[in-house]
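The structure under discussion appears below in the form of structure tokens.
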Amino acid sequence: MNLSLFDDLPATPQPPELLEPGAIVLRGFALAQAADLLAAVQGITAQAPFRHLITPGGLRMSVAMTNCGKLGWVSDRKGYRYDAIDPESGQPWPPMPALFSRLALEAAQAAGFDGFAPDACLINRYAPGTRLSLHQDRDEGNYAHPIVSVSLGVPAVFLWGGAQRADKARRIGLVHGDVVVWGGPARLRFHGVLPLREAHHALTGAHRINLTFRKAS
Ligand code: SIN
Ligand code: FE2
């Protein structure tokens, strides 16, 4: 028997894991909707394809990104910000599917944050070897709202750090269907993703897809 950190389908429901007050891993919370979420991502990327954004420092991000919802997170030489318009198309971002906002609301609620109404969903695509370095989510107008982050496809190791970039980060294995919620006292924690390992998932091939819900305005 091979019981790895990355087993996709828990035989029994797993209890939520508290990372610290305000931060929780909801194991398998999105599993039942995962295939529908990924089908919706395909519809979104037909209108707003994945792209590699440029950081203010001029580097090309290795994670491919797009957005849905009223606001989308973008980066270019001028900085990071939220914008109602996709700079590639000049059009508004595709609307957030009801399935997405409902899942985000329910996950936030399960973590103790009532009434979460995200207006932005950043969609990240990780290819093998792709990583996301430690950062804070702090481009939103109001830190009273939590972040809801949904993992789909190939497993990843999530880094859960502290209030300072240099603080030691814990390594948390995240698999298809897991949801992480952080808010309140944990809202500005540093976090990131280790380089994605080579693996195959029936629904996403070699990729990991992450949906990050925010209330940006
Ligand atoms: C993010 O911090 O934007 C994404 C985190 C993840 O991919 O799990
Ligand atoms: Fe983030």
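Numbering of ligands and ligand atoms starts at 1, following listing order. Excluded from the calculations below are hydrogen atoms, water molecules and symmetry mates; all remaining heavy atoms, backbone and side chain alike, are included.
- Here Arg125 pairs with nothing under the side chain to side chain donor-acceptor pair (under 3.5 Å) rule; sequence neighbours left out.
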Taking only distance into account, with no hydrogens and no angle test, what donor-acceptor pairs under 3.5 Å do side-chain atoms of residues 167-175 form with protein atoms, sequence neighbours excluded?
| unit_1 | atom_1 | unit_2 | atom_2 | d |
| --- | --- | --- | --- | --- |
| Asp167 | OD2 | Ala163 | N | 3.1 |
| Asp167 | OD2 | Gln164 | N | 3.0 |
| Arg170 | NH1 | Leu19 | O | 2.9 |

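- Tally of protein N, O or S atoms closer to the Fe ion (ligand 2) than 2.8 Å: 3.
- Panel note: side chain Asp119, backbone Leu71; no donor-acceptor pair is recorded below 3.5 Å.
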For this session: Decide side-chain contact (heavy atoms from CB on, under 4.5 Å) for Asn142 and Lys215; before the verdict, give the C-alpha distance in whole Å, the side-chain angles of both, and the deciding distance to 0.1 Å.
Result: CA-CA 8 Å; Asn142 182 342; Lys215 174 86 173 90; over 6 Å; no
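- Note on ring orientation: taking the six-membered ring where Trp is involved, the planes of Phe213 and Phe100 are perpendicular (angle over 60°, cut-offs 30° and 60°).
- Within 4.0 Å of ligand 1, counting heavy atoms only, the contacting residues are Asn124, Tyr126, Leu132, His135, Ser149, Phe158, His191, Val193, Arg208, Asn210, Thr212, Arg214.
- When all heavy atoms are compared, the tightest approach of Trp73 to Asp139 is NE1-OD2, 2.8 Å.
- Using cut-offs of 30° and 60° on the angle between ring planes, the pair Trp182 and Trp160 is perpendicular.
- Minimum heavy-atom separation, Leu188 to Gln136: O-NE2, 3.0 Å.
- With 3.5 Å as the limit, one finds no donor-acceptor pair spanning the side chains of Arg131 and Ser62.
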